[in-house]
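Here is the structure we will look at.
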Amino acid sequence: MVKASQKSGKKGKKVPAIDLSRAQIFACVHHDSKSGIPHLHILINRIDLDGNLMTNRFIGNRCTMAAHTINVEEGWELPEDIHKANVKEITDACYKVLSEMQAYSWNDYVDRIKALGYDVKVQEDKDGVKHGYTIMKGNSRYKSSILGVGRDLMLKNLRGTWLKFHKATQVTVGSTDTGMGMAKPVSKPVVPEQSANVQGESSQSSTQSSGTKETRAYVLWDNNGKEQKTYVSDHIYNVIKDAVEPVNDSTEALENCIKTAILLFAGYVDGATRIAESCGGGGSPGSGWGRDKNEKDDDWARRCAKKASWLCKPVVKLKR
């Protein structure tokens, strides 16, 4: 018997443990082609030797907890500990690079990071405007939004972080190459009659201090045969853009994730799942999906971005 979590899902419902005592199991070990790290893959037949069918309720969470239990029992390093150590290692490397740069240059920053053995993947739109970047260690991806302190290694904050290292010496910036541009909405910004985040956004001011209207971003989608625009504020758009994790670095994958997340944020679950299916993804957010009471707009937007990233991942179809 491998015990999974005592509770799973949004409301903490109890789920049964995974009983492997009468299960058919196949396991294999292989080494990662880039890092050489060994991986153990376990395939379990849901129909046991007695013909009983294991429930697939909360199967993802239960399998994750079962793998965690095996790691603990065997004394293996936990994935979350490895992830935390890698984030710290990459963060330290980025800070070191910035502190050693005598003048700020995005290209120099990337070259120095690559010289340390990492790879850098840049997210650009079709116009060549950079939206963000990801640092690769082997096959593991680390978005700039999870690196550093207070998101200070994100593309839009990178120059300011470099300046913090060089304020004391007052080094003159010798390059205008910032490596970034103005973030673009999925379609285009508009100036509305009034500004508000979808679903009653109240934390953002409807007008800026200068009296100008705040721009909003929108997505166009097919709502039962009718073309519909769904708006969110630029602030929420940027929160979502920074939080999504597209399956690859293409502009199309990024925009599909953003569109799906915006529709989830606005409450159009069916529309979100249709967009995810159109790009090879699938599934649904689940019966317990929804906004928590008193959940802040930014937190809800990040959760929608995370769910959209999962929905947009291509479904692997098994050949029979």
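- Not a single ring pair (Phe, Tyr, Trp, His ring centres under 6.0 Å) links Tyr118 to another residue, sequence neighbours left out.
- Separating the OH atom in Tyr109 from the CE atom in Met101 is a distance of 8.5 Å, to the nearest 0.5 Å.
- The closest donor-acceptor contact from the side chain of Lys114 to the backbone of Val120 lies at 3.5 Å or more, if one exists at all.
- Taking all atoms of both residues into account, the shortest heavy-atom contact from Arg302 to Val239 is CG-CG1, 3.7 Å.
- Taking CD from Glu255 and SG from Cys312, the interatomic distance works out to 12.0 Å, rounded to the nearest 0.5 Å.
- Crowding of Glu100 atom CD: a count of heavy atoms from other residues, nucleotides or ligands under 6.0 Å exceeding 12.
- Taking the six-membered ring for Trp and the full ring otherwise, Tyr95 and Phe165 have centroids separated by under 6.0 Å.
- Tyr142 OH to Thr91 OG1: the interatomic distance, rounded to the nearest 0.5 Å, is 10.5 Å.
- Both Ile70 and Val29 belong to a common hydrophobic cluster when Ile, Leu, Val, Met, Phe, Trp and Tyr are linked at side-chain heavy-atom distances under 4.5 angstrom.
- Rounded to the nearest 0.5 Å, atoms CG (Leu153) and CD1 (Ile90) are 10.5 Å apart.
- Residues Met54 and Phe26 do not share a hydrophobic cluster, clusters being chains of Ile/Leu/Val/Met/Phe/Trp/Tyr side chains in contact below 4.5 Å.
- The heavy-atom pair separating Tyr133 from Gln123 by the smallest distance is N-OE1, 3.2 Å.
- Under the 4.5 Å side-chain heavy-atom criterion for Ile, Leu, Val, Met, Phe, Trp and Tyr, Trp162 and Leu116 are members of the same hydrophobic cluster.
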Derivation of the side chain to side chain contact (heavy atoms under 4.5 Å, CB included) call for Cys94 and Thr161 | CA-CA 10 Å; Cys94 292; Thr161 305; over 6 Å; no
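- Judged as a salt bridge (charged side-chain N to carboxylate O under 4.0 Å, His left out), not a single pair has a partner in residues 260-279 (not counting sequence neighbours).
- A salt bridge links Lys156 to Asp242: at least one charged side-chain nitrogen sits closer than 4.0 Å to a carboxylate oxygen.
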Full working for side chain to side chain contact (heavy atoms under 4.5 Å, CB included) between Ile258 and Tyr237 = CA-CA 8 Å; Ile258 292 174; Tyr237 168 81; 3.8 Å; yes
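- Between Asp92 and Lys88, at least one side-chain nitrogen of the basic residue sits less than 4.0 Å from a carboxylate oxygen of the acidic one, meeting the salt-bridge criterion.
- By the 6.0 Å contact criterion, CD on Gln228 is enclosed, its count of non-hydrogen atoms from other residues, nucleotides or ligands being greater than 12.
- Of all heavy-atom pairs spanning Leu40 and Ala27, the tightest one is CD1-CB, 4.2 Å.
- For the residue pair Val87 and Ile146, the shortest heavy atom distance occurs at CG1-O, 3.7 Å.
- When atom types are taken as modelled, the side chain of Ser144 and the backbone of Met154 share no donor-acceptor pair closer than 3.5 angstrom.
- In the hydrophobic clustering, Ile47 connects to Leu53, either directly or through intervening members, whenever side-chain heavy atoms lie under 4.5 Å apart.
- Here His41 pairs with His30 under the ring pair (Phe, Tyr, Trp, His ring centres under 6.0 Å) rule; sequence neighbours left out.
- Asp50 contributes no side-chain N or O that, together with a main-chain N or O of Asn52, makes up a donor-acceptor pair within less than 3.5 Å.
- Leu147 and Val149 end up in the same hydrophobic cluster when Ile, Leu, Val, Met, Phe, Trp and Tyr side chains are linked at under 4.5 Å.
- Side chains of Ile262 and Tyr268 form no contact here, defined as non-hydrogen atoms less than 4.5 Å apart.
- With a 4.5 Å cut-off on side-chain heavy atoms, Asp298 and His235 count as touching.
- A cation-pi contact, defined as under 6.0 Å to the ring centre and within 45° of the axis, links Arg303 to Trp289.
- Going from atom SG of Cys257 over to atom CD1 of Ile275 covers 11.0 Å, rounded to the nearest 0.5 Å.
- No continuous path of ILVMFWY side-chain contacts below 4.5 Å connects Ile44 to Leu49, so the two sit in separate hydrophobic clusters.
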Go through the steps for Leu158 and Tyr104 under the test side chain to side chain contact (heavy atoms under 4.5 Å, CB included), then give the verdict.
-> CA-CA 9 Å; Leu158 200 59; Tyr104 178 77; 3.6 Å; yes
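- Qualifying ring pair (Phe, Tyr, Trp, His ring centres under 6.0 Å) partners for His68, counting only residues two or more places apart in sequence or in other chains: none.
- Nearest heavy-atom pair, Arg151 versus Asn157, reported as atom, atom and distance to 0.1 Å: O-ND2, 2.8 Å.
- Val72 belongs to a hydrophobic cluster whose remaining members, ordered by chain and number, are Leu78; membership requires side-chain heavy atoms of ILVMFWY residues under 4.5 Å apart, directly or through intermediates.
- Residue Lys306 qualifies as open at atom NZ: its count of foreign heavy atoms under 6.0 Å is 12 or below.
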For the pair Trp106 and Lys130, evaluate side chain to side chain contact (heavy atoms under 4.5 Å, CB included) and give the outcome as yes or no after the intermediate values.
-> CA-CA 11 Å; Trp106 163 252; Lys130 297 177 178 64; 3.4 Å; yes
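- For the residue pair Leu98 and His166, the shortest heavy atom distance occurs at O-NE2, 2.9 Å.
- Between atom CD1 of residue Ile135 and atom OG of residue Ser140 there is a gap of 13.0 Å, rounded to the nearest 0.5 Å.
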